[in-house]
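Worksheet for the structure shown next.
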Amino acid sequence: MPDFTVVIPARNEAAYLPLTLRALERQTQPPAEVIVVDNASRDDTAQLARAWGAQVISCAVRGIAHARQAGLDAARTPWVASTDADSLPTPEWLARLSEAADAAPGRVALYGPMRFCGVSQPVSALSELGYGAFLRVCELTGRPNLAGANMAFSRAAAGLVGGYPHVEAYEDVLLGRALAALGEVVYVPGALVETSARRLEGGWLPFLWRHALNLSGHRRGYFAD
């Protein structure tokens, strides 16, 4: 079974990050290393990560793409798994990803389901069903949607496609599509991640609109080379 590095980009995430790190403690297949990328935080994010035992990488250039790339550059295992500082991988997350990575040669990336946590049970269940349907539509239209909160990829393959593009947003989706052009990208149903419902703070309509843009292939922001 391949080893995984888990990369967590974080900017001012002291309130959420400890819960994510505790979720990684409960993995049935422990990560070989955990890298927290401190993206110019002004709170105790870096100190909390170090106290837990994570490797902390400083990324002074603000932006999620820069932070994710810094984590990828620091990783040393054959596979890199990505989650967010406000997300909770379920205990079987890495084990299911590892099984999928090991199941067939030529696989370059993996992704799994997500649902909201911190909400009522019906809303959580509805979010999981809705997101699953969205991922299926993306798959059928040839636009796999790999989200940074729940994706994994071959470190070597990511290097071949140039890593994360330097964009303001959708860097995870764009990397996933670049990897899909290189090899097999696989959906792993058992690799569930729960994620904070703060993504709904602006309301359901903006949230759904952002996912519609993902489906359309829209790119937001600029390349900052």
Side-chain angles (χ1 to χ4, degrees), residues 6-9 16 20 23 64-65 67-68 80-94 96-97 99-101 103 107-154 157-158 161 164-165 167-221:
V6 176
V7 173
I8 308 169
Y16 288 92
T20 302
I64 188 65
R68 292 197 196 280
V80 176
S82 170
T83 194
D84 287 340
D86 65 348
S87 298
L88 307 175
T90 53
E92 297 290 323
W93 179 59
L94 276 183
R96 297 290 82 79
L97 291 176
E99 289 169 0
R107 292 185 170 178
V108 296
L110 313 164
Y111 63 112
M114 289 195 290
R115 67 184 177 211
F116 286 130
C117 58
V119 293
S120 68
Q121 196 280 330
V123 171
S124 178
L126 181 61
S127 68
E128 185 175 358
L129 286 172
Y131 188 65
F134 167 74
L135 291 179
R136 181 60 176 160
V137 171
C138 290
E139 182 182 13
L140 290 173
T141 57
R143 297 181 180 275
N145 192 93
L146 279 66
N150 188 6
M151 63 185 288
F153 49 84
S154 158
V161 300
Y164 289 96
V167 291
E168 181 186 351
Y170 307 124
E171 77 295 329
D172 43 5
V173 176
L174 295 174
L175 174 59
R177 290 180 185 165
L179 290 167
L182 187 67
E184 187 182 11
V185 174
V186 178
Y187 178 67
V188 185
L192 174 66
V193 169
E194 296 185 320
T195 194
S196 168
R198 68 179 177 174
R199 289 163 175 77
L200 295 176
E201 287 175 355
W204 278 98
L205 196 57
F207 174 79
L208 294 172
W209 176 246
R210 287 193 298 272
H211 280 74
L213 290 177
N214 280 6
L215 186 58
S216 72
H218 171 77
R219 300 185 180 196
R220 189 179 101 208

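It should be emphasised that the depicted structure is a prediction, and the values quoted were computed from it without experimental measurement.
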Next item on the list: Please list, chain by chain and in numerical order, all residues satisfying salt bridge (Lys or Arg N to Asp or Glu O under 4.0 Å) with R115, sequence neighbours excluded.
Entry: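 R115 satisfies salt bridge (Lys or Arg N to Asp or Glu O under 4.0 Å) with E128, E194 once adjacent residues are dropped.
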
Margin query: Applying side-chain hydrogen bond (donor to acceptor under 3.5 Å, both in side chains), can you list everything that pairs with T20, at least two apart in sequence or on another chain?
Written below: none

Check: Looking at residues at least two apart in the chain, or sitting in another chain, which of them share a side-chain hydrogen bond (donor to acceptor under 3.5 Å, both in side chains) with D172?
Finding: none

Where [X] and [Y] come nearest, the two heavy atoms and their spacing:
{"X": "V188", "Y": "A100", "answer": "CG2-CB, 3.6 Å"}
{"X": "Y187", "Y": "P113", "answer": "OH-CB, 3.3 Å"}
{"X": "V185", "Y": "Y111", "answer": "CG1-CE2, 3.7 Å"}
{"X": "M114", "Y": "A147", "answer": "CE-CB, 3.6 Å"}
{"X": "S82", "Y": "R68", "answer": "OG-NH1, 3.2 Å"}
{"X": "L94", "Y": "A81", "answer": "CD2-CB, 4.0 Å"}

About how many Å separate [atom2] of [Y] and [atom1] of [X], when rounded to the nearest 0.5 Å?
{"X": "L88", "Y": "T195", "atom1": "CG", "atom2": "OG1", "value": "7.5 Å"}
{"X": "N145", "Y": "Y170", "atom1": "CG", "atom2": "OH", "value": "10.0 Å"}
{"X": "L97", "Y": "L110", "atom1": "CG", "atom2": "CG", "value": "5.5 Å"}

Check: Which residues pass the ring-ring contact (aromatic ring centres under 6.0 Å, His included) test with F153, sequence neighbours left out?
Finding: none

Checklist line | Flag, side chain of T83 to backbone of A149, donor-acceptor distance under 3.5 Å | finding: yes

Validation row: [X], [Y] side chains within 4.5 angstrom (heavy atoms):
{"X": "V161", "Y": "L179", "value": "yes"}
{"X": "N150", "Y": "W93", "value": "yes"}
{"X": "S87", "Y": "Y16", "value": "no"}

Next item on the list: Go through the structure and list residues passing side chain to side chain contact (heavy atoms under 4.5 Å, CB included) with A67, not counting sequence neighbours.
Entry: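 Residues passing side chain to side chain contact (heavy atoms under 4.5 Å, CB included) with A67: P9, V37, N39.
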
Notebook entry, point to check: Is there any salt bridge (Lys or Arg N to Asp or Glu O under 4.0 Å) pair reaching into residues 178-189, and which pairs are they, with sequence neighbours excluded?
Noted result: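 Salt bridge (Lys or Arg N to Asp or Glu O under 4.0 Å) check on residues 178-189 returns R107-E184.
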
